[in-house]
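Let me begin by presenting the structure, written as structure tokens, before commenting on it.
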Number of protein chains: 2
Amino acid sequence: MKAIIREVAPRDGLQNEEPIATAAKVELLDALSGTGVRRIEAVSFVSPRAIPQMADADEVWAKSWHNPDVRYSALIPNTRGAQRALAAGFREIEVVVSASDTHNRRNLNRSTEESLDDIALLIPLVHEAGATLEVIVATSFGCPFEGDVDPDRVAGIVARVRADGADRIAFGDTTGMATPRRVRDLLSVVRPDLLHFHNTRGTGLANILTALDLGVSEFDASAGGLGGCPYAPGASGNVATEEVVHMLHDMGIDTGIDLDRLIEAAALAERLIGRRLPSGVLRAGPRTRLA
Amino acid sequence: MKAIIREVAPRDGLQNEEPIATAAKVELLDALSGTGVRRIEAVSFVSPRAIPQMADADEVWAKSWHNPDVRYSALIPNTRGAQRALAAGFREIEVVVSASDTHNRRNLNRSTEESLDDIALLIPLVHEAGATLEVIVATSFGCPFEGDVDPDRVAGIVARVRADGADRIAFGDTTGMATPRRVRDLLSVVRPDLLHFHNTRGTGLANILTALDLGVSEFDASAGGLGGCPYAPGASGNVATEEVVHMLHDMGIDTGIDLDRLIEAAALAERLIGRRLPSGVLRAGPRTRLA
């Protein structure tokens with residue numbers, strides 16, 4: 001059995017940490033490109049005023065190693081971002097819409113419906129450039145403002161964007177509200193191509209185990225667990241890639257990743273960011289490392 | 001469906017932290033006694049030279065609230081400890097033996113076989129006092145010195161102690177080497193009454209999910225995740241009770257525990273111990289707590 005990991009530390013991770021130097025971002029991206037991971041979310045093309053952490057996205061991407069064995073993607077918020085990503089050479093583009101209307105308004109200053117209309121216009125633009133668009137449905141497992149999100153609402157969004165031509169769908173556990181029960185509830189109604197879980201409440205690997213059981217085997221993860229939870233100061237955000245890979249390899253599920261190299265990259269992320277990252281496998285090593 | 005949680009912060013948690021004052025231990029034990037939890041591992045009766053954290057076990061127990069709705073247990077290393085526990089009024093006694101011979105020698109200065117002989121002599125002594133003995137098989141999911149432990153070896157130990165009259169069996173994931181795959185491998189050969197998991201490598205809740213699927217529904221957990229991993233400095237030890245309860249309640253599994261009170265007790269543990277504990281639910285609150 002195989003699973004695909006998309007490493008998101010260079011984008012989602014760094015975007016939720018204090019800004020670091022361009023050279024440090026390139027160093028981390030290059031280290032991750034050499035781990036055997038098959039997909040990396042490299043940068044986002046967003047407003048430098050809104051998100052200063054990604055102001056140097058063009059430079060980071062231009063200076064980094066583009067490993068031909070890795071598929072790189074970029075996150076964009078709008079048409080302007082898509083144009084920058086396409087001009088930089090990206091052929092896999094991601095865009096976010098929140099299942100929760102309140103969260104979408106806070107995050108993107110428009111309703112979910114308005115964002116879906118924007119995405120409908122974005123898809124042909126991306127396709128004309130020979131690229132693909134992945135729609136990430138944020139707050140799929142719950143919203144920090146509205147609470148539970150009805151799986152039927154997520155399914156409605158998926159139906160709409162698929163009809164509009166979206167190439168791939170991801171479900172985002174934006175603030176760590178996913179649990180094994182919620183994963184089962186949602187995936188029994190509608191399935192994504194990829195799942196993005198947080199470990200904010202300790203359920204990260206339990207959620208992945210549940211998703212595997214339901215037939216989804218592509219996951220976002222962030223080296224070291226880089227990137228906090230924006231809604232709970234001091235809390236964990238993304239699941240740590242080395243914890244995910246450690247569990248998957250132990251189950252006999254291939255990811256193509258060299259766990260030792262990945263742990264080295266996570267240790268590098270920790271040094272570059274200058275704070276202790278929450279990954280247990282980074283701290284204790286794999287279970288096969290004896291005393 | 002129901003699950004039973006045994007809260008181990010007062011014993012296992014505090015034993016793996018810097019010593020705190022007797023009054024602080026009593027305060028924590030009393031707070032936990034009021035959470036609705038049905039079982040608490042209260043103290044251990046061990047050599048104060050070996051484990052200064054438990055030197056005041058008699059005083060802690062004498063001064064604390066004995067909630068009639070809670071079953072309290074004490075851990076003991078030998079006959080002398082059992083006599084102290086019985087004299088203090090405990091009717092549920094626990095003793096540890098390691099499945100790994102190397103770990104047993106390092107921990108108890110004798111072979112696994114010699115410890116099993118000791119336990120055979122201990123059982124009638126405990127039974128004569130009207131008490132029960134639980135045998136905790138440490139390193140059941142792996143040994144930090146020997147690596148993987150053969151499930152058949154664990155099964156052999158279980159058969160021996162059951163034949164000798166042990167009342168209950170627990171499997172201990174002493175250094176966080178359990179994974180969903182290892183839980184499945186071991187439990188398909190032999191089942192315990194109770195499982196004790198660590199979260200050293202992030203798999204704590206995934207392991208519990210796997211065990212529930214295999215029909216085991218009694219778990220040790222420590223408020224706040226109190227108690228580090230003795231073999232990996234700075235790493236997490238016990239699974240955090242509030243993370244376990246948060247996941248179980250969300251699945252509709254009853255534990256009898258009031259999660260808000262439990263989180264208050266975990267916050268108290270954090271204040272008393274004076275270091276940040278690793279629990280995500282303590283940090284971020286339950287998923288139902290909105291922004």
Side-chain angles (χ1 to χ4, degrees), chain A residues 103 106 141-148 175-182 184 198-210 212-213 225 229 231-236 239-240 242-244 246-253 276 278-291, chain B residues 103 106 141-148 175-182 184 198-210 212-213 225 229 231-236 239-240 242-244 246-253 276 278-291:
Chain A
H103 188 268
R106 298 253 194 153
F141 299 94
C143 165
F145 308 112
E146 294 185 8
D148 290 337
T175 60
M177 291 173 71
T179 59
R181 178 258 175 107
R182 306 291 160 177
R184 205 166 277 279
H198 282 196
N199 197 33
T200 313
R201 293 170 177 89
T203 54
L205 296 189
N207 294 338
I208 286 176
L209 196 66
T210 304
L212 285 168
D213 189 42
C229 175
Y231 293 90
S236 295
V239 288
E242 59 277 14
E243 288 192 355
V244 176
H246 178 261
M247 182 180 80
L248 293 178
H249 287 189
D250 186 66
M251 295 169 79
I253 297 173
R276 187 182 149 136
S279 161
V281 171
L282 172 57
R283 199 68 44 215
R287 66 187 295 287
T288 49
R289 188 182 298 169
L290 302 186
Chain B
H103 187 267
R106 298 254 195 151
F141 300 94
C143 165
F145 309 113
E146 294 185 10
D148 290 338
T175 59
M177 291 174 71
T179 60
R181 179 257 175 106
R182 306 292 159 176
R184 205 165 277 280
H198 281 195
N199 196 33
T200 312
R201 292 170 177 89
T203 55
L205 297 189
N207 294 337
I208 286 176
L209 196 66
T210 304
L212 285 167
D213 189 44
C229 174
Y231 293 91
S236 294
V239 289
E242 59 277 15
E243 288 193 355
V244 176
H246 178 260
M247 181 179 81
L248 293 178
H249 287 190
D250 185 66
M251 295 169 80
I253 298 173
R276 187 181 150 137
S279 161
V281 171
L282 173 57
R283 197 69 43 215
R287 65 186 295 287
T288 50
R289 187 181 296 169
L290 302 187

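Atoms considered below: every heavy atom in the structure, side chains included; atoms not considered: hydrogens, waters and symmetry mates. Keep in mind that what you see is a predicted model, and the values were worked out from it rather than measured. Residue numbering restarts at 1 for every chain, and letters A, B, ... go by the order of the sequence lines.
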* Using side-chain hydrogen bond (donor to acceptor under 3.5 Å, both in side chains) as the criterion, list what pairs up with Arg184(A), not counting sequence neighbours. =>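 With neighbours one apart ignored, the set is Asp213(A).
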
* Residues that Asn207(B) engages under side-chain hydrogen bond (donor to acceptor under 3.5 Å, both in side chains), provided they are two or more places apart ->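 Per chain and number, Asn207(B) pairs via side-chain hydrogen bond (donor to acceptor under 3.5 Å, both in side chains) with Thr203(B).
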
* Enter the distance from Leu248(B):CG to Arg181(A):CZ here, rounded to the nearest 0.5 Å. =>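 Spacing of CG (Leu248(B)) from CZ (Arg181(A)) equals 13.0 Å.
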
* Indicate the atoms forming the closest heavy-atom contact of Arg287(B) with Met177(A), along with that distance. =>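 Shortest heavy-atom contact: NE-O, 2.6 Å.
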
* Looking only at non-hydrogen atoms, find the nearest pair between Met247(A) and Ala206(B) and report the distance. =>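 Heavy atoms only, the tightest pair is SD-CB, 4.2 Å.
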
* Heavy-atom pair count under 4.5 Å with chain B, highest-scoring of Cys143(A), Pro180(A), Gly176(A) ->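 So the answer, after comparing Cys143(A), Pro180(A), Gly176(A), is Pro180(A).
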
* Determine the option with the most heavy-atom pairs under 4.5 angstrom with chain B, choosing from Leu290(A), Leu209(A), Leu205(A), Asp250(A). =>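 Ranked by heavy-atom pairs under 4.5 Å with chain B, first place is Asp250(A).
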
With only heavy atoms counted, which part of [X] is less than 4.5 Å from chain A, the side chain, the backbone, both or neither?
X	result
Glu242(B)	neither
Thr200(B)	both
Pro278(B)	neither

